[in-house]
Amino acid sequence: MNSAGTGRLLNVVDVEATCRPGSPPPGAVGEIIEIGLTVVNLSSAERVARHRILVRPARSEISDFCTELTGLTQDEVDGGLPFGEACRLLAAEHASGARPWASWGDYDRHQFARQCGATRTPYPFGRRHTNAKAVFTEAHGLRKRPGMAQALGRAGLPLEGRHHRGEDDAWNIAALVLHLAGRGAWPGE
């Protein structure tokens with residue numbers, strides 16, 4: 001692997017949040033519980049770093065549905081960082097304010113904006129966000145925007161790890177970013 005300090009770097013982010021079927025109980029909200037981040041070096045066309053930040057929810061709990069979907073348990077996230085600290089870590093250790101970033105769709109960006117607003121936490125990212133799902137859809141001439149797993153299949157790439165685990169999904173989305181860059185379809189390529 002190349003050093004993460006060289007080349008044109010991009011943070012690929014995927015979050016998992018508390019979830020349940022139906023409406024949440026009164027007072028509960030969807031909160032980020034895992035931040036997966038893969039650093040992509042667009043110059044060398046490789047994934048150069050992989051990170052996972054567990055986040056302790058303050059206003060909700062992990063439902064059985066959420067554990068089944070993500071594999072994350074209440075005990076596991078109870079050992080995570082408070083949300084504000086996780087955002088500071090993104091900025092301090094992953095240059096999230098300065099480095100462009102991408103996610104699969106706009107959910108992750110909107111979830112950060114909502115949760116930062118609700119907790120009065122400074123938004124940890126800069127303005128240069130790319131919706132990788134929209135880029136993939138356009139590059140492949142699709143009518144409907146595919147889910148990440150569908151897109152991997154269409155691109156002939158394997159699904160690595162567990163789907164709906166932030167760290168693994170960020171790693172897989174990063175593979176799709178490199179696929180798009182290899183086709184000359186990634187913005188700025």
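Values below: all heavy atoms of this structure, side chains included; hydrogens, waters and symmetry mates excluded. None of these values were measured; they are calculated from a predicted model.
- The nearest pair of heavy atoms linking Leu42 to Ala181 is CD2-CB, 4.3 Å.
- Checked by atom type and distance alone, the side chain of Arg165 pairs as donor or acceptor with a backbone atom of Thr70 at under 3.5 Å.
- For the residue pair His163 and Asp169, a side-chain donor N or O sits within less than 3.5 Å of a side-chain acceptor on the partner.
- Ring-plane geometry between Tyr123 and Phe112 is classed as perpendicular, the angle between the planes exceeding 60 degrees on a 0 to 90 degree scale with a lower cut at 30.
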*Please report the C-alpha distance between Val39 and Asn11 in whole Å, then the side-chain angles of each, then the deciding distance to 0.1 Å, and finally whether the side-chain contact (heavy atoms from CB on, under 4.5 Å) criterion is met.*
CA-CA 5 Å; Val39 180; Asn11 285 340; 3.7 Å; yes

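- For the pair Gln115 and Phe83, the minimum side-chain heavy-atom distance is below 4.5 Å.
- Residues Ile32 and Phe65 fall into different hydrophobic clusters, defined by Ile, Leu, Val, Met, Phe, Trp and Tyr side chains chained together at heavy-atom separations under 4.5 Å.
- Using a distance-only test at 3.5 Å, with no hydrogens or angles considered, no donor-acceptor pair links the side chain of Arg50 to the main chain of Gly36.
- Side-chain contact between Leu142 and Gln150 is absent, with no heavy-atom pair separated by less than 4.5 Å.
- For Ser63 against Cys19, the heavy-atom pair with the smallest separation is OG-O, 2.5 Å.
- At a threshold of 4.5 Å between side-chain heavy atoms, the hydrophobic network of Ile, Leu, Val, Met, Phe, Trp and Tyr places Ile173 and Leu69 in two separate groups.
- Ion pairing between Glu76 and Arg52 holds under the 4.0 Å rule for side-chain N and carboxylate O.
- In this structure, the side chain of Thr121 does not engage the main chain of Cys116 through any donor-acceptor pair within 3.5 Å.
- At least one side-chain heavy atom of Leu90 sits less than 4.5 Å from a side-chain heavy atom of Phe125.
- A continuous path of hydrophobic side-chain contacts links Leu157 to Trp186 [ILVMFWY only; heavy atoms under 4.5 Å].
- Atom CZ of Phe136 is separated from atom NE2 of His179 by 5.0 Å, given to the nearest 0.5 angstrom.
- Every pair passing side-chain hydrogen bond (donor to acceptor under 3.5 Å, both in side chains) that includes a residue from residues 13-22 is listed here, sequence neighbours excluded: Thr18-Ser60.
- Under a 3.5 Å cut-off, the side chain of Gln74 and the backbone N or O of Glu61 do not form any donor-acceptor pair.
- The side chain to side chain contact (heavy atoms under 4.5 Å, CB included) check on Leu89 picks up Ile53, Leu81, Glu93, with sequence neighbours excluded.
- With rounding to the nearest 0.5 Å, the separation of NZ in Lys133 from OH in Tyr107 is 12.5 Å.
- Here the closest heavy-atom approach between residue Val55 and residue Ala86 is recorded as CG2-CB, 3.8 Å.
- The hydrophobic cluster containing Leu54, built from Ile/Leu/Val/Met/Phe/Trp/Tyr side-chain heavy atoms closer than 4.5 Å, also comprises Ile33, Ile62, Leu72, Val77.
- One N or O on the side chain of Glu34 and one on the backbone of Gly166 form a donor-acceptor pair closer than 3.5 Å.
- Residues Ala170 and Thr38 approach most closely at C-OG1, 3.4 Å, considering heavy atoms.
- Of the possible polar contacts, one joining the Asn131 side chain to the Gly105 backbone as a donor-acceptor pair under 3.5 Å is found.
- Between the CD atom of Glu31 and the CZ atom of Arg114 there is a distance of 12.0 Å, given to the nearest 0.5 Å.
- His51 NE2 to His94 NE2: the interatomic distance, rounded to the nearest 0.5 Å, is 4.5 Å.
- Checked against Ser103 for a side-chain hydrogen bond (donor to acceptor under 3.5 Å, both in side chains), the options His110, Gln111, His129 give a single hit: His129.
- Checking side-chain atoms of Glu85 against main-chain N and O of Pro82 turns up no donor-acceptor pair under 3.5 Å.
- Salt bridge Arg47/Glu160: present, at least one basic N to carboxylate O contact under 4.0 Å.
- Rounding to the nearest 0.5 Å places NZ of Lys144 at 10.5 Å from OG1 of Thr137.
- Rounding to the nearest 0.5 angstrom, the gap separating the CG atom in Leu10 from the OG atom in Ser43 is 11.0 Å.
- In the hydrophobic clustering of this structure, Val177 groups with Leu159; members are Ile, Leu, Val, Met, Phe, Trp, Tyr whose side-chain heavy atoms approach within less than 4.5 Å, directly or through other members.
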